Amino acid sequence: MIGRLNHVAIAVPDLEAGAAVYRAMLGAEVSAPQAQPKHGVTVVFVMLPNTKIELLEPLGEDSPIAAFLARNPAGGMHHVCYEVDDILAARDHLVAQGARVLGDGEPKIGAHDKPVLFLHPKDFCGTLVELEQV
Ligand SMILES: CC[C@@H](C(=O)O)C(=O)SCCNC(=O)CCNC(=O)[C@H](O)C(C)(C)COP(=O)(O)OP(=O)(O)OC[C@H]1O[C@@H](n2cnc3c(N)ncnc32)[C@H](O)[C@@H]1OP(=O)(O)O
Ligand SMILES: [Co+2]
């Protein structure tokens, strides 16, 4: 069921400073910032040869990454995103096995204009998992 690693996300307190680390220090191609108000974050993508790094900065009052950054003020690895062919089939398969889907359980459109879902970190070895239908 699980496919390619689409991205690894890192929460940062300052998106411009985070992007500069990847662009200037590491020599990576970094996209323009993209506000995602429905997800409560602003993102940039760092393009790597085999995957992407998604840098996340809180957006708005109820950002889902606010508590994470309060616990990790310098930032830190926030989630991994795996590709799936059929997100509803993947969700139903995981729920049947006892995994918890976050939010209302319905996919939202993510940063790549494709449906995404999040799975509770306590059910996945302490790692927040995003699924993206490709
Ligand atoms: C740009 C769109 C999209 C894309 O297309 O790529 C995105 O990536 S959007 C990214 C941001 N969106 C989300 O993260 C949505 C899903 N997240 C959530 O619903 C919440 O963040 C959360 C996972 C439910 C956590 O909520 P929070 O309020 O921070 O914490 P809790 O206190 O409820 O945490 C419970 C428990 O889980 C641990 N935790 C929290 N976050 C993480 C994490 N990122 N990785 C690992 N563990 C995490 C937290 O420490 C608590 O543990 P205990 O203290 O042991 O109970
Ligand atoms: Co993501």
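Both ligands and their constituent atoms are indexed starting at 1 by order of listing. All residue numbers in this chain count up from 1 along the given sequence. Atoms considered below: every heavy atom in the structure, side chains included; atoms not considered: hydrogens, waters and symmetry mates. Everything numeric in this text was worked out from a predicted model, so none of it was measured.
- Within the listing of ligand 1, atoms 1 (C) sit less than 4.0 angstrom from a heavy atom of Val43.
- Remark: ligand 1 atoms within the under-4.0 Å shell around heavy atoms of Gln36 are 1 (C).
- Taking both residues in full, the closest heavy atoms of Ser63 and Gly40 are given as OG-O, 2.7 Å, listed atom of the first, atom of the second, then distance.
- Taking atom 25 (C) of ligand 1 as the reference point, the nearest protein heavy-atom neighbour is Pro64 O, 4.9 Å.
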For the pair Leu59 and Gln36, evaluate side chain to side chain contact (heavy atoms under 4.5 Å, CB included) and give the outcome as yes or no after the intermediate values.
CA-CA 8 Å; Leu59 176 66; Gln36 294 283 338; 5.6 Å; no
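- Residue Cys81 does not count as close to the Co ion (ligand 2), with no N, O or S atom under 2.8 Å.
- Glu29 places no side-chain N or O within donor-acceptor distance of the main-chain N or O of Met47, the cut-off being under 3.5 Å.
- For the pair Val134 and Arg4, the minimum side-chain heavy-atom distance is 4.5 Å or more.
- Panel note: side chain Lys108, backbone Lys38; a donor-acceptor pair is recorded below 3.5 Å.
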Stepwise side chain to side chain contact (heavy atoms under 4.5 Å, CB included) check, Leu94 with Leu131:
CA-CA 11 Å; Leu94 291 165; Leu131 299 180; 3.8 Å; yes
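- In summary, His79 places an N/O/S atom under 2.8 Å from the Co ion (ligand 2), meeting the contact criterion.
- Checking side-chain atoms of Ser31 against main-chain N and O of Val44 turns up no donor-acceptor pair under 3.5 Å.
- In Glu54, the N, O or S atom that comes nearest to the Co ion (ligand 2) is OE1.
- The 12-atom threshold is not exceeded at CD of Glu16, counting heavy atoms of other residues, nucleotides or ligands nearer than 6.0 Å.
- By heavy-atom distance, the residue among Lys108, His78, Met77, Arg71 lying nearest atom 30 (O) of ligand 1 is Arg71.
- Proximity of His112 to ligand 1, defined as any heavy-atom pair under 4.0 Å, is not found for any part of the residue.
- Within ligand 1, counting atoms from 1 as listed, the ones closer than 4.0 Å to a heavy atom of Gly126 are 46 (C), 47 (N).
- For atom 48 (C) of ligand 1, the closest non-hydrogen atom of the protein is Pro121 CG, 3.6 Å.
- Between the choices His79, His120, Lys122, the shortest heavy-atom distance to atom 52 (O) of ligand 1 belongs to Lys122.
- Residue contact annotation: Ala9 has no non-hydrogen atom under 4.0 Å from ligand 1.
- In terms of protein heavy-atom proximity, atom 7 (C) of ligand 1 is closest to Phe118 CZ, 3.5 Å.
- With hydrogens left out, the protein atom closest to atom 27 (P) of ligand 1 is Ala67 CB, 4.0 Å, a heavy atom.
- Of all atoms in ligand 1, numbered sequentially from 1 with element shown, those under 4.0 Å from a heavy atom of His7 are 6 (O).
- Heavy-atom contacts of Gly110 reach the following atoms of ligand 1: 5 (O) (cutoff under 4.0 Å).
- The minimum heavy-atom distance linking Ala111 with Val43 is given by the pair CB-CG2, 4.4 Å.
- In the candidate list Ala66, Ala111, Pro58, Ala35, Ala111 is nearest to atom 5 (O) of ligand 1, counting heavy atoms.
- The protein heavy atom nearest to atom 6 (O) of ligand 1 is Glu54 OE2, 2.6 Å.
- The presence of a protein heavy atom under 4.0 Å from atom 55 (O) of ligand 1 is confirmed.
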Test side chain to side chain contact (heavy atoms under 4.5 Å, CB included) applied to Ile109 and Val116, step by step
CA-CA 6 Å; Ile109 297 303; Val116 300; over 6 Å; no
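- Note: Phe45 and His112 have tilted aromatic rings, judged against thresholds of 30 and 60 degrees for the angle between ring planes.
- With Glu130 contributing its side chain and His79 its backbone, the two residues share no donor-acceptor pair below 3.5 Å.
- Which of Leu117, Asp113, Leu102 comes nearest to atom 19 (O) of ligand 1 through a heavy atom is settled by distance: it is Leu102.
- Proximity of atom 16 (C) of ligand 1 to the protein is indicated by at least one non-hydrogen atom lying closer than 4.0 angstrom.
- Scanning the protein heavy atoms around atom 4 (C) of ligand 1, the nearest turns out to be Glu130 OE2, 3.0 Å.
- Of all heavy-atom pairs between Gln97 and His93, the closest is NE2-NE2, 2.8 Å.
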Verdict with supporting geometry, Asn6 and Tyr82, side chain to side chain contact (heavy atoms under 4.5 Å, CB included)
CA-CA 5 Å; Asn6 185 278; Tyr82 300 123; over 6 Å; no
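- Checked against the Co ion (ligand 2), the N, O or S atom of Glu130 at the shortest distance is OE1.
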